[in-house]
Amino acid sequence: MPTNALADVTASDSTLRRFLHGLPGVDAVGLEARAASLGTRSIKTTAKAYAIDLAISMIDLTTLEGADTPGKVRGLAAKAVRPDPTDRTTPHTAAVCVYPDMVATAKAALAAAGATDVKVASVATAFPAGRAALDVKLADTRDAVAAGADEIDMVIDRGAFLAGHYMKVYEEIRAVKEASGPARLKVIFETGELSTYDNIRRASWLGMLAGADFIKTSTGKVAVNATPANTLLMLEAVRDFRAQTGVQVGVKPAGGIRTTKDAIKFLVLVNETAGEDWLDDHWFRFGASSLLNDLLMQRQKLATGRYSGPDYVTVD
Amino acid sequence: MASAFEYAPAPESRSVVDIAPSYGLFIDGEFTDAADGKVFKTVSPSSEEVLSEVAQAGAEDVDRAVRAARKAFAKWSALPGSERAKYLFRIARIIQERSRELAVLETLDNGKPIKETRDHDLPLVAGHFFYYAGWADKLGHAGFGPDPKPLGVAGQVIPWNFPLLMLAWKIAPALAAGNTVVLKPAETTPLSALFFADVCRQAGLPRGVVNILPGYGDAGAALVEHPDVDKVAFTGSTAVGKAIARQVAGTRKKLTLELGGKGANIVFDDAPIDQAVEGIITGIFFNQGQVCCAGSRLLVQESVQDEFLDALKRRLSTLRLGDPLDKNTDIGAINSAEQLARIKALAETGEAEGAERWSPACELPSTGYWFAPTLFTGVTQAHTVARDEIFGPVLSVLTFRTPAEAVAKANNSQYGLSAGIWSEKGSRILAVADKLRAGVVWANTFNKLDPTSPFGGYKESGFGREGGRHGLEAYLDV
């Protein structure tokens, strides 16, 4: 729901366009330089241990393949609950993220493992392209929610956005938000397709105005997914949105974050841009799959002083 | 910044570099004591720990060094350019190979964060030697005639804010053009120049081509006055620059001066705000603001000043001040007690004259020379903090209404070294840049230095250009 401070922004197509195009521009060189400079922070010892556990707890452990089976999803759910069977102090991940038809399986597998606080996130709205009629997208969403999804990861209509039909995108997000009911809504912009940083800033505000609980970079299905720069930009957007409206929105970079080193760089971006209020799995997530094992290996290294190797973490 | 995510200390190891308990003067390829046996101590500004004891050059040593340089000049200048290039390339490579040692040494002696010496100073230092090595055999194509000649012996006096980088700016073009040099580093930061002397030996540079004379102002004055010096190059304060100009007036000596500045960073209401904030921060807090081209005046359009200042203050609160060797430190120590006193006095003047002073919550270490990043708002052209170079982490914020007013205020300074423009509108950037009287004008960036780009000032910021093709002119008889 648009908050009072910005209520008139979404009054019409033209007010919305004026607002989005009136946002401060983004200087690409400067943005990337800032992201790179934060990337040189050196996170060691106790700070690293904190960051690794925090990163694990922020993962939406994801499988989004045509070849997904109940067996694969059960494996993923077990991993989410107990990422490192040799060390029970390892935090669980925030969620598992699957296609809508796998939500029930995921839910049951998590329940069987006794994990009530690992969420099930479901992509929806004709993920990843989003090229379907609104009815289909809404049905997709309702299916996932009915099957027990706690969170819905929707994709925006990039075609409409790039054609300048911002109101169409806005209304679609509103409709999906309504169809999501109690589930938290993550809005995926597919930043790699929006291409410019100005577009990413506009999409971020559009999503937040429409009621997104999270704004998310990408599907993981295109060439360019989460980058430090586009995530930094979205962190600026949620920071500024809260300052204006009082409403806090989460951020989820997804795709391409594979190493502990990368994950820590993103956490530094969160810490020094949006601030510590976002250093919590309720407000920041990683959409990732292979990242988890690298975090676990680094965690073992910190605990034991030795690298264990890939045979000492589970492959699912 | 208090946060759940506390960065653990991440200090660069200081054991990567060996600091000798004492150093001599570097004359004619040898380290030697001062003729009168004088020495001085160099301290680490972050801890006040004595790092080493260094021979202090006097007039007699200056004479020895100039004679050594004169003797070396004949052979050095007669070498084919391609041969001189080989030495310069070798020096550049050795600097790259030893850059970790040099970065730690520079941080210890100067007080600036290791992040800056590692990521800015050292790459630029090597870059200058690589760049001018490339020119050494192409001088006939530099636009100064088919066979331009070197001047002879260059006497060079450099400041303490970028000790090794200023050395590179002076020595690389001088040697490429075929001159020999006598260089005096600042008394608070002699160590990287002495390390460089060792690099010259390692590179097999002929004796006497480079001579390094640590010392005080008297040694600098003796060097400038020496009758057998053909070229004087000085980077430092405007007061000393004026004295040097008087000294060399009426002599045959060629002179370049790179002096103070009071750079204006102009933020228009259509600026990319987040990046402009970063640029303002870089502009004034890089190297604790001890930068001649610092953007020490922020001119912000009145229509966006509130939101811009909020954003700037929020960002200032995330700066990490502390141990310069810690890789996460953004703000290091002020170079000397003397400089710290000057910054404090000017900040007090700012307050006394009615400007509003603000600093983020910031704990200063108990030993060493520290000054919290500081903003002055409500500053007008009439305030001292808007006119005098502070050379510290102090930003004066002024406002303007129109582009014409911004230009008028930016140019209303005794200095003219640098300026910055922040706007998403290309035509505005070009129109304003054209009217700014500053040697370098950055658009949507700041403090970007590059060996290929000429650097120098208008008005009391000095004359002559360093860097780029233009930088050769100062060392050629043209």
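Here is the naming used below: chain letters follow the sequence lines, and residue numbers restart at 1 for every chain.
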* Asked: chain B contacts: which residues in residues 224-231 of chain A have a non-hydrogen atom closer than 4.5 Å to it?
  -> none

* Interface residue of largest heavy-atom contact number with chain A, from B/Asp274, B/Val304, B/Asn444, B/Asp326, under 4.5 Å ->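 Most pairs with chain A among the choices: B/Asp274.
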
* So which of B/Asn328, B/Asp269, B/Thr445 has the largest heavy-atom pair count under 4.5 angstrom toward chain A? -> B/Asn328

* Structure fact -> Between the CD1 atom in A/Ile43 and the NZ atom in B/Lys327, the distance rounded to the nearest 0.5 Å is 11.0 Å

* To do: Starting at CD of B/Glu307, measure out to CD of A/Gln244 and round the result to the nearest 0.5 Å.
  =>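 Between atom CD of B/Glu307 and atom CD of A/Gln244 there are 8.5 Å.
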
Where does [X] contact chain B at under 4.5 Å (heavy atoms): side chain, backbone, both or neither?
X	result
A/Leu23	neither
A/Val268	both
A/Asp277	neither
A/Leu279	side chain

* To do: For residues A/Val270 and B/Phe5, determine if any side-chain heavy atom of one lies less than 4.5 Å from a side-chain heavy atom of the other.
  => no

* **All pairs passing side-chain hydrogen bond (donor to acceptor under 3.5 Å, both in side chains) where residues 23-44 of chain A contributes a residue, at least two apart** =>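 Pairs touching residues 23-44 of chain A that pass the test: A/Glu32-A/Tyr197, A/Arg34-B/Glu278, A/Arg41-A/Glu272, A/Arg41-B/Asp330.
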
* **Pairs where residues 253-267 of chain A contributes a residue and the test side-chain hydrogen bond (donor to acceptor under 3.5 Å, both in side chains) is met, not counting sequence neighbours** =>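 Those involving residues 253-267 of chain A are A/Thr259-A/Asp262, A/Thr260-A/Asp294.
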
* To do: Mind listing the closest non-hydrogen atom pair of B/Ala8 and A/Thr46 along with its distance?
  => CB-OG1, 3.5 Å

* To do: Specify the closest pair of heavy atoms between B/Glu424 and A/Asp198, including all atoms of both residues, with the distance to one decimal.
  =>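 Residues B/Glu424 and A/Asp198, closest heavy atoms: OE1-OD2, 4.3 Å.
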
* Residue pairs passing the ring-ring contact (aromatic ring centres under 6.0 Å, His included) test where at least one lies in residues 248-276 of chain A, sequence neighbours excluded -> none

* **Heavy-atom proximity to chain A below 4.5 Å, by part of B/Ala271** =>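 Backbone only.
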
